[in-house]
Amino acid sequence: GVTLLVICILLVVMLRSFKAVAYCLLVALPAVVWAVGFGGTINGRISIVAAMAPMIVLVLSVANVVHLVGQYRFERSRKDARESLLSAFQEVGTACFLTSLTTLIGFSSLRFIPLVTAQELGVVCAVGVVASFLLAFTVVPILISYSDLPAQKATNSKKTYKILNWCQRVARLAPRRVIATSLALTALAVVGLNALVIDTNLDAKFYDDHPVALAAKFFSERLSGGLSAEVLIDTGRAGGALERDTFISEVKAAAPTAEPALERDDEFGIEDDEIGIDEPAQAANSGPLKKERIDPVEGAKNNHYLEQLVLAAEDLKAFRDPTILDGKQVVIGAFSIADIAQRTHRAMGGETPLPSRAQFAAQLALFEDQGGEGLGSFVDEERRYLRMQLRMPSLGTRNSVAFMKAVEPQLRERFPTPPGGIKTQINGIDILLSDVIEALGVQLYIGFAFAALVITLVMSFVYSSWRV
């Protein structure tokens, strides 16, 4: 609504004719409806990003109509209506067509971005570009034929004339300086692009007294941070988190010898053959029994992964970097299965800081008997993968990536990647966003190169010259 109001005010000031403004709106508004309607039908929906398309289409549509109406009114001051319309088509028709075509190619390049919302925006805007050009050069002539527009003589603003006259004089008298200055500014802009940093720290976008900023500060200071991340550790084998294979082994025991059946009724008065039980056959088919043997020496040793989890948590909470959060603490809290094991061991009267291998396995078995609620947050059912949950203040993608690059090598020294397994890594929403932004950057370059190449080919074909 605000965009439409501003455009109407500008049109009244520039065209100085309410009828001309009405013609612009009679073309621009249907173009917006076409863009949203047909674009939404192609996409199947209108996303939040695609909802910005009406403003873009409105501006493009008004631009086409302003060019056509303005040239027609200028020609009308010295020609009749038919000749004025033909002259206006000749003067601005080709230019509007080429600008619409290049704009269409530009929006089509959004298809290279691996985001569905950006692709939907490209579709809606592309439909709007086509609709705005078609409506401008078909509906406007019909409207003029029914109700002619008043002629308007060209008015030369002194300020505008001075600016344009200065530009042409500088370009004519010092062309080399103009080109050299343009190249220097372009090089400076390229240097600025290399220093550009894309960050998604939303908390930093608000003023200090904004409710969102205050809420983020509250969570960071009193509730161990408002950002969650996790360290994923692969032990390389099922049961690796318990280190079962180091202190538990399976042994086979001979099957018990079957005793001859006694011909007597069961003590409850029911014979075994009445319910289909053949005791000798059952004992014979049971085969050798498997038993687990616990090595008391190895079972009494500390669990390697519990020790490393405790040390890793201490390292993470002690991490400081002057380039991240001005050297403040990054990891406020680090929680893992080691914390549960420590507290349980202490509650059960353990004298050591951590339970032994056998004690830790017994703890997990006890938790499973009680339902195992909450264990899935720190260890999977096969006891192969471990997870450490981190609580941090909001870092943004740039700080998150810097933190990850600084910490992951240390974590991989403590938890080496097993053969065929996954490497120890930090996951989190900001880190995932950094990967998405990196992929978006690459695809944006590809889309830009595609649009530049196609526009170059179109222009060279239209003007039959590579220089253009």
Side-chain angles (χ1 to χ4, degrees), residues 224 229-251 290-319 329-392 406-427:
S224 299
E230 62 182 24
V231 180
L232 182 63
I233 302 162
D234 184 3
T235 64
R237 61 198 185 280
L242 302 177
E243 296 182 316
R244 285 179 54 90
D245 53 350
T246 61
F247 71 99
I248 298 178
S249 59
E250 291 185 352
V251 295
K290 293 183 179 180
K291 295 183 178 180
E292 290 184 342
R293 184 177 65 84
I294 298 178
D295 187 335
V297 177
E298 293 295 330
K301 293 182 179 180
N302 289 337
N303 184 290
H304 168 75
Y305 288 104
L306 291 182
E307 292 180 331
Q308 294 301 318
L309 283 171
V310 172
L311 294 175
E314 293 176 355
D315 291 343
L316 290 171
K317 287 187 286 187
F319 175 81
Q329 184 177 3
V330 177
V331 178
I332 301 175
F335 309 98
S336 66
I337 192 68
D339 295 278
I340 298 177
Q342 277 183 322
R343 295 172 185 176
T344 305
H345 186 58
R346 192 181 304 115
M348 298 178 70
E351 298 179 356
T352 56
L354 288 171
S356 64
R357 291 169 175 169
Q359 291 171 337
F360 181 50
Q363 285 181 7
L364 291 187
L366 177 62
F367 283 133
E368 285 186 349
D369 291 340
Q370 300 298 324
E373 186 176 354
L375 282 180
S377 300
F378 303 103
V379 62
D380 70 319
E381 293 183 358
E382 293 184 353
R383 307 299 186 244
R384 172 175 176 173
Y385 299 101
L386 294 168
R387 185 169 67 172
M388 177 187 293
Q389 295 182 348
L390 308 180
R391 300 295 297 174
M392 301 182 294
V407 169
E408 278 192 349
Q410 302 175 11
L411 291 173
R412 288 170 189 166
E413 289 181 2
R414 295 193 178 279
F415 307 101
T417 303
I422 61 174
K423 62 183 179 181
T424 301
Q425 59 186 7
I426 301 178
N427 300 319

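Counting from 1, the numbers follow the sequence of the chain as shown.
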Counterpart residues, side-chain contact (heavy atoms from CB on, under 4.5 Å), relative to [X] (two or more places apart):
X    : answer
T352 : H345
R346 : Q342, R343
S356 : A358, Q359
D315 : R414

Which atom names give the shortest non-hydrogen contact between [X] and [Y], and what distance separates them?
X    : Y    : result
L242 : A361 : CD2-CA, 4.2 Å
R384 : D380 : N-OD1, 2.8 Å
T235 : G240 : OG1-CA, 3.5 Å
F415 : L309 : CZ-N, 3.8 Å
A334 : K317 : N-CD, 4.4 Å
I337 : L364 : CD1-CD2, 4.2 Å

Do the side chain of R412 and the main chain of T417 share a donor and acceptor less than 3.5 angstrom apart?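 Answer holds: no.
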
I'd like to know if the side chain of N303 reaches the main chain of A241, judged simply by a donor and an acceptor atom lying under 3.5 Å from each other, with no hydrogens or angles considered.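 Present.
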
At what distance, to the nearest 0.5 angstrom, does [atom1] of [X] lie from [atom2] of [Y]?
X    : Y    : atom1 : atom2 : result
L386 : E230 : CG    : CD    : 12.0 Å
R387 : I233 : CZ    : CD1   : 11.5 Å
S336 : Q389 : OG    : CD    : 9.5 Å
N302 : H304 : CG    : NE2   : 11.5 Å

Would you say that more than 12 heavy atoms from the other residues, nucleotides or ligands in this model lie under 6.0 Å from the CD of E307, or not?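 Atom CD in E307 is packed in, count exceeds 12.
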
When you look at CD of E381, are more than 12 heavy atoms from neighbouring residues, nucleotides or ligands closer to it than 6.0 Å? no

Check side-chain hydrogen bond (donor to acceptor under 3.5 Å, both in side chains) between E314 and all other residues, then give those that pass, not counting sequence neighbours.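 E314 satisfies side-chain hydrogen bond (donor to acceptor under 3.5 Å, both in side chains) with no residue once adjacent residues are dropped.
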
Does any pair with a residue in residues 347-367 pass salt bridge (Lys or Arg N to Asp or Glu O under 4.0 Å), and if so which ones, sequence neighbours excluded?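 Found E243-R357, E298-R357.
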
Taking it one step at a time, do L316 and M388 satisfy side-chain contact (heavy atoms from CB on, under 4.5 Å)? CA-CA 11 Å; L316 290 171; M388 177 187 293; 3.7 Å; yes

Do D339 and F378 have side chains that get closer than 4.5 Å, going by heavy atoms? no

Any side-chain heavy atom of P355 within less than 4.5 Å of one from L306? yes

